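Notes to accompany the following structure.
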Number of protein chains: 2
Amino acid sequence: MRILIVEDEPTLGRQLKTTLEQNGYAVDLSVDGEDGHFMGSSEDYDAVILDLGLPEIDGLTVLGMWRKEGRKFPVLVLTARDSWSDKVAGLDAGADDYLAKPFQTEELIARLRALIRRASGNSSSELIAGDVRLDTRSGRVTLNGEPVKLTAQEYKLLSYLLHHKGKVVSRTELIEHIYDQDFDRDSNTIEVFVTRIRKKLGPDVITTIRGLGYSLDDPAQPKRG
Amino acid sequence: MRILIVEDEPTLGRQLKTTLEQNGYAVDLSVDGEDGHFMGSSEDYDAVILDLGLPEIDGLTVLGMWRKEGRKFPVLVLTARDSWSDKVAGLDAGADDYLAKPFQTEELIARLRALIRRASGNSSSELIAGDVRLDTRSGRVTLNGEPVKLTAQEYKLLSYLLHHKGKVVSRTELIEHIYDQDFDRDSNTIEVFVTRIRKKLGPDVITTIRGLGYSLDDPAQPKRG
DNA sequence: CCTCGACGATCAGGATACGCATTCGCGGCT
DNA sequence: AGCCGCGAATGCGTATCCTGATCGTCGAGG
């Protein structure tokens, strides 16, 4: 899952980035409205954390522009504390959730998780496909109830596929969502990790669609839609 | 476990802080309502001790603001004398327990412990995982019934993990809950203490989740959810 | 049915980051 | 003064990651 943080205060921004990365997200950080808007428009994020109190362009404006451009990623808005009007305005402008500064990092993580979950249409914190279960809260994966040890990258890849169950996901899309901005696109890491996941969870979990990418289907309600 | 004390009277505040620290808590002290409210909103506490008789902003107001903001930590309210009305008002405003001044520090400790225990969903004062037992009342730890001597920090770390059994706890989270406000986040103390605990309790008590943190699982009811 | 090209899977190597153990100096407590 | 726990620094071992090369497979066209 790839996140964009638009936050002008460098200290807070860095800290957030670090925290999120420790929680398994790929994070890009932008320090002003213009750059933030550009990045949100050009890259594909799974969620955006947006500070409203930005210099130059206001956060609300940026949010409005994104929505006008048709960007659909969920946006979590940060506002200075107690500014009730900002909250209303933010939600009006298309924010999906709202958090007042100061906030607790754990709460931010929780809300972010909820946001991404909602965006992918899941209601539980457990993602399930066939015999495979992934709990986003505890970061655990089980196969037929047996715990399976996945490495960080394997987990990210599997998690992304599960969030887009049934959809064909291209290699490029995977790279863009698992790694942050600067990463060599001509690399076969994705294939390598797919192989590894298949070794651990069985060969049928991930289906290859030749020339297009990969797909993860739920045999519970499979062919014949 | 990290505690916030909001108490305007400096002598009592300091004394409480010292006492609690001697009992193994990481303690932040705030001397007025505004600052106290800010700290409770921005940091992650496991419990808060709140004096109602504050200058500037009233304790009840602070409590109300926290609850409105969605802060969930348990709050132990201190009131002057036996003012019944204050008690009622406090509980109404979202306090979890109540203690009239003057009080015995021992009683305060006991109630605090109960509060934290309840908040983490445990009903007993004993935390158990596998062969390890930790009694929060006596501060004793046993391995297969044999008493084990842990140092203060080792105890805090183990206790926090036990309170969050089954969840993956990041290094950051551990630092935030074991130490008080100002502490170097880039430090390897957590790893050091994990090592030391493993030496005393066996290598399998604490599981490492590479890249994410640590986790403590209960082998008593593991496989087959 | 066979061949060939393109794409994907797999393997092995080296680089790296991460966690672990150990050491050491500081400071508080006895 | 001596002991002990704490936390910083250091070096080591290894899981994990990425790269590049090779092998396998699918599918189209002859």
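Chain A is the first sequence line, chain B the second, and so forth, proteins listed ahead of strands; every chain is numbered from 1. As the structure is a computational prediction, the values presented were derived from the model and not from experiment.
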Spacing of [X] atom [atom1] relative to [N] atom [atom2], expressed in whole Å:
| X | N | atom1 | atom2 | value |
| --- | --- | --- | --- | --- |
| B:Glu191 | D:dA9 | CD | P | 13 Å |
| A:Ile209 | D:dT25 | CD1 | P | 19 Å |
| A:Ile206 | C:dG8 | CD1 | P | 14 Å |
| A:Ile197 | C:dT10 | CD1 | P | 12 Å |
| B:Leu157 | D:dG7 | CG | P | 11 Å |
| A:Lys200 | C:dT10 | NZ | P | 15 Å |
| B:Ile190 | D:dA8 | CD1 | P | 10 Å |

Q. What pairs of residues pass the salt bridge (charged side-chain N to carboxylate O under 4.0 Å, His left out) test when at least one of them lies in residues 148-164 of chain A, not counting sequence neighbours?
A.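 Checked against salt bridge (charged side-chain N to carboxylate O under 4.0 Å, His left out) - neighbours excluded - the pairs reaching residues 148-164 of chain A are A:Glu154-A:Lys200.
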Q | Residue list, side chain to side chain contact (heavy atoms under 4.5 Å, CB included) with A:Ser42, at least two apart or on another chain | A |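 With sequence neighbours excluded, A:Ser42 shows a side chain to side chain contact (heavy atoms under 4.5 Å, CB included) to A:Phe38, given in chain and number order.
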Kindly say if [X] contacts the phosphate of [N], meaning a side-chain N or O under 4.0 Å from OP1 or OP2.
| X | N | result |
| --- | --- | --- |
| B:Arg171 | C:dG19 | yes |
| B:Tyr179 | D:dG7 | yes |
| A:Thr208 | C:dG8 | no |
| A:Tyr214 | C:dA9 | yes |

Residues in salt bridge (charged side-chain N to carboxylate O under 4.0 Å, His left out) contact with [X], at least two apart in sequence or another chain:
| X | answer |
| --- | --- |
| B:Arg113 | none |
| B:Glu191 | B:Arg171 |
| B:Asp180 | B:Lys17 |
| B:Asp28 | B:Arg2 |

In a table with atom names and distances, give each donor-acceptor pair under 3.5 Å that connects a side chain of residues 3-15 of chain B to protein atoms at least two apart or in another chain.
from: B:Glu7; atom 1: OE2; to: B:Glu9; atom 2: N; distance (Å): 3.0

Q) Going by the ring pair (Phe, Tyr, Trp, His ring centres under 6.0 Å) test, which pairs reach into residues 182-204 of chain B, not counting sequence neighbours? A)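 Counting only pairs at least two positions apart or across chains, the ring pair (Phe, Tyr, Trp, His ring centres under 6.0 Å) contacts touching residues 182-204 of chain B are B:Tyr179-B:Phe183.
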At a cut-off of 3.5 Å, list every protein nitrogen or oxygen paired with a nitrogen or oxygen from nucleotides 2-4 of chain D, distance to 0.1 Å.
none

Q | Closest-nucleotide 5' rank along DNA chain C - winner of B:Leu212 and B:Lys199 | A | B:Leu212
(Q) List the residues meeting side chain to side chain donor-acceptor pair (under 3.5 Å) with A:Ser170, not counting sequence neighbours, and say none if there are none. (A) none
Q: Heavy atoms under 4.0 Å is the rule here; annotate nucleotides 19-24 of chain D 5' to 3' with B where the base is hit, S where only the sugar-phosphate is, and - elsewhere.
A: BBB--B
Q) Tell me, which of residues 146-154 of chain B have any heavy atom that sits under 4.0 Å from an atom in DNA chain D? A)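 Contacting residues: B:Thr151, B:Ala152, B:Gln153.
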Q: Ignoring hydrogens and angles, state whether a donor on the side chain of B:Asp184 or B:Ser187 is under 3.5 Å from an acceptor on the partner side chain.
A: no
**Q.** Residue pair A:Arg140 / B:Ser215, side-chain donor-acceptor N/O under 3.5 Å
**A.** yes
Q. Roughly how far apart are A:Leu161 CG and A:His177 NE2, rounded to 0.5 Å?
A.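 Result: 11.5 Å between the selected atoms.
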